[in-house]
**Q** 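First the structure, then my questions, so here it is.
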Protein chains: 2
Amino acid sequence: MKSLHDMPEGPGIARVSLDRLFEVAEVLGAMMQRGVAERGLTTARAGVLWALFHDGPMTQRALAGQLGVTPRNVTGLLDALQADGLVDRAAHPTDRRATLVALTSKGRNVTEALRGGRDELAAVLFGDMPPGRLDAFTAGLETVIERLRAADPSGR
Amino acid sequence: MKSLHDMPEGPGIARVSLDRLFEVAEVLGAMMQRGVAERGLTTARAGVLWALFHDGPMTQRALAGQLGVTPRNVTGLLDALQADGLVDRAAHPTDRRATLVALTSKGRNVTEALRGGRDELAAVLFGDMPPGRLDAFTAGLETVIERLRAADPSGR
DNA sequence: GCTACATAGTGAAGTCACTTCACGATATGC
DNA sequence: GCATATCGTGAAGTGACTTCACTATGTAGC
């Protein structure tokens with residue numbers, strides 16, 4: 001009676017592919033962290049800027065939901081971003097408990113620079129890849145994402 | 001004079017691909033963290049076990065080099081792993097300054113379970129993919145890794 | 001053999017991302 | 001008008017890191 005674990009060397013090619021995937025995740029994470037640090041940010045703080053950039057001003061609670069972290073954590077991240085003049089906390093027009101968080105113009109500039117960096121990286125990585133191959137590759141990534149989310153009940 | 005940043009929507013498909021790559025990195029990271037937490041570990045501690053599992057007993061300094069962190073940090077990680085009975089610190093046979101770190105049998109069992117989980121995940125993700133497609137996908141990943149490392153002077 | 005210098009591990013102190021819990025201020029349903 | 005849910009934040013704690021200083025030991029060079 002052979003189970004998965006009895007295989008002499010595991011699932012072979014599939015295992016190598018997964019290892020490559022982990023490797024990409026690691027190197028990409030390191031690269032992003034470095035890019036973001038160059039602009040005086042951390043990945044968590046950059047995530048806040050990114051969310052505000054894409055979805056506009058928001059309540060701290062909404063931001064917490066968007067980022068998948070606790071509201072308390074958002075408070076801390078915003079304290080730092082506000083100290084750097086990248087975001088602004090304003091009174092909510094109708095709910096006096098809430099604060100509306102928005103990017104300052106400086107914050108918008110920084111985030112646009114971040115986006116520029118991402119686009120440059122995309123060009124370096126994929127710019128010369130023939131469309132057919134790139135599409136296939138991206139489809140593969142999407143399949144992986146899908147199955148990963150399906151396999152993980154903690155889904156987000 | 002058009003530069004990359006003047007493009008109305010950026011590099012298009014390439015940008016989407018990179019976003020998918022980030023998404024994979026994120027979801028995969030979350031999944032690994034969850035899998036490892038199920039066995040009472042953290043990703044950093046699991047990394048230590050993994051290194052010892054693959055390369056055998058090692059000096060703390062060597063471990064630090066392998067993991068790309070400071071020796072001081074390794075001390076802390078090992079303290080936790082030792083408290084859980086997963087690793088063992090023994091005197092180095094020839095250098096009395098150094099300690100030789102090795103997996104205990106419990107540590108080996110846990111690490112083998114981790115490996116089993118990885119193999120199962122690999123099977124779920126790639127088990128049913130036709131070899132040709134899988135090879136192409138993995139080659140794509142390797143190209144990405146290569147270029148990422150080339151683009152990052154901090155290379156590891 | 002002894003001095004000079006490099007190296008192995010760790011204490012002390014600090015940063016950053018995160019959490020849970022408690023609490024005051026406000027909104028809201030009935 | 002009052003009970004109750006919700007918004008943000010103080011307090012306290014964890015885990016992964018870092019740098020710096022220090023002790024104990026190895027290793028050259030003379």
Side-chain angles (χ1 to χ4, degrees), chain A residues 26 29-30 32-34 36-52 57-84 86-102 154 156, chain B residues 26 29-30 32-34 36-52 57-84 86-102 154 156:
Chain A
E26 193 182 307
M32 183 168 68
Q33 186 172 349
R34 204 178 121 269
V36 126
E38 267 170 12
R39 290 172 169 97
L41 291 173
T42 61
T43 60
R45 310 218 243 260
V48 173
L49 296 184
W50 202 248
L52 292 171
M58 224 181 299
T59 236
Q60 292 190 201
R61 217 82 184 182
L63 213 35
Q66 192 95 6
L67 300 173
V69 298
T70 51
R72 186 60 184 86
N73 190 19
V74 170
T75 299
L77 295 173
L78 288 179
D79 286 350
L81 290 170
Q82 193 171 23
D84 285 351
L86 300 174
V87 305
D88 208 48
R89 278 194 254 222
H92 191 286
T94 71
D95 189 340
R96 279 197 298 172
R97 294 167 305 177
T99 52
L100 256 196
V101 186
S154 90
R156 219 284 104 199
Chain B
E26 194 182 306
M32 183 169 66
Q33 186 172 348
R34 204 178 120 270
V36 127
E38 268 170 13
R39 291 173 169 96
L41 290 172
T42 61
T43 60
R45 308 217 244 260
V48 173
L49 296 185
W50 201 248
L52 291 172
M58 225 181 298
T59 236
Q60 292 190 200
R61 218 81 183 184
L63 213 35
Q66 191 95 4
L67 299 174
V69 299
T70 51
R72 187 57 184 89
N73 189 19
V74 170
T75 299
L77 295 174
L78 289 180
D79 286 348
L81 289 170
Q82 195 171 21
D84 285 352
L86 300 174
V87 304
D88 208 50
R89 278 194 252 223
H92 190 287
T94 70
D95 189 340
R96 278 196 301 171
R97 295 167 306 175
T99 49
L100 257 197
V101 186
S154 88
R156 220 286 100 202

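Reminder, nothing fancy here: chain letters follow the sequence lines and each chain counts from 1.
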**Q** Does CD in Gln33(A) sit with more than 12 non-hydrogen atoms of other residues, nucleotides or ligands closer than 6.0 Å?
**A**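 No.
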**Q** Could you tell me the separation between the CG atom of Asp79(A) and the CG atom of Asp84(A), rounded to the nearest 0.5 Å?
**A**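 Rounded to the nearest 0.5 Å, the CG-CG separation comes out at 11.5 Å.
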**Q** If you round to the nearest 0.5 Å, how far is CE of Met58(A) from CG of Leu67(A)?
**A**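 The CG atom of Leu67(A) sits 7.5 Å away from the CE atom of Met58(A).
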**Q** Round to the nearest Å and state the distance from Leu41(A) atom CG to dT15(C) atom C1'.
**A**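 Distance, rounded to whole Å: 16 Å.
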**Q** Please give, in whole Å, the distance from dA5(D) P to Arg61(A) CZ?
**A**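 Interatomic distance, CZ of Arg61(A) to P of dA5(D): 14 Å.
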**Q** Output the rounded distance in Å from CG (Leu81(B)) to C1' (dG15(D)).
**A**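 In whole Å, dG15(D) C1' lies 13 Å from Leu81(B) CG.
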**Q** Separation of Gln82(B) atom CD from dG9(C) atom P, in whole Å?
**A**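 Atom CD in Gln82(B) sits about 13 Å away from atom P in dG9(C).
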**Q** Can you confirm whether the side chains of Gln60(A) and Thr99(A) place a donor and an acceptor under 3.5 Å from each other?
**A**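 Checked: Gln60(A)/Thr99(A) side chains pair up, N/O donor to acceptor below 3.5 Å.
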**Q** What is the distance, rounded to the nearest whole Å, between atom CG of Leu67(A) and atom C1' of dC16(C)?
**A**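 Rounding to the nearest Å, CG of Leu67(A) and C1' of dC16(C) are 16 Å apart.
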**Q** How does protein contact run along nucleotides 20-30 of chain C, one letter per nucleotide 5' to 3', with B for base contact, S for sugar-phosphate only, - for none, heavy atoms under 4.0 Å?
**A** B----BBS---
**Q** Would you mind reading off the distance between Asp79(A) atom CG and dG10(D) atom P, rounded to a whole angstrom?
**A**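 Distance check: Asp79(A) CG to dG10(D) P gives 7 Å.
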**Q** May I ask you to say what Thr99(A) touches in the nucleic acid, namely base, sugar-phosphate or nothing, with a heavy-atom cut-off under 4.0 Å?
**A**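 Here Thr99(A) touches the backbone only, sparing every base.
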**Q** Among residues at least two apart in sequence or on other chains, which ones pass side chain to side chain contact (heavy atoms under 4.5 Å, CB included) with Glu38(B)?
**A**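 Expected list: Arg34(B).
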**Q** What's the shortest heavy-atom distance between Thr42(A) and Val36(A), and which atoms?
**A**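 Result for this residue pair: C-CG1, 3.4 Å.
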**Q** Consider the side chain of Thr75(B), meaning its heavy atoms from C-beta on, and name the nucleotide among dT9(D), dT10(C), dC18(C) that approaches it most closely.
**A**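 Minimum distance to the Thr75(B) side chain belongs to dT10(C).
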**Q** Can you measure Gln33(A) atom CD to dA16(D) atom P for me and round it to whole angstrom units?
**A**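 Distance, rounded to whole Å: 15 Å.
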**Q** Output the rounded distance in Å from CD (Glu26(B)) to P (dA17(C)).
**A**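 Answer to the nearest Å: 16 Å.
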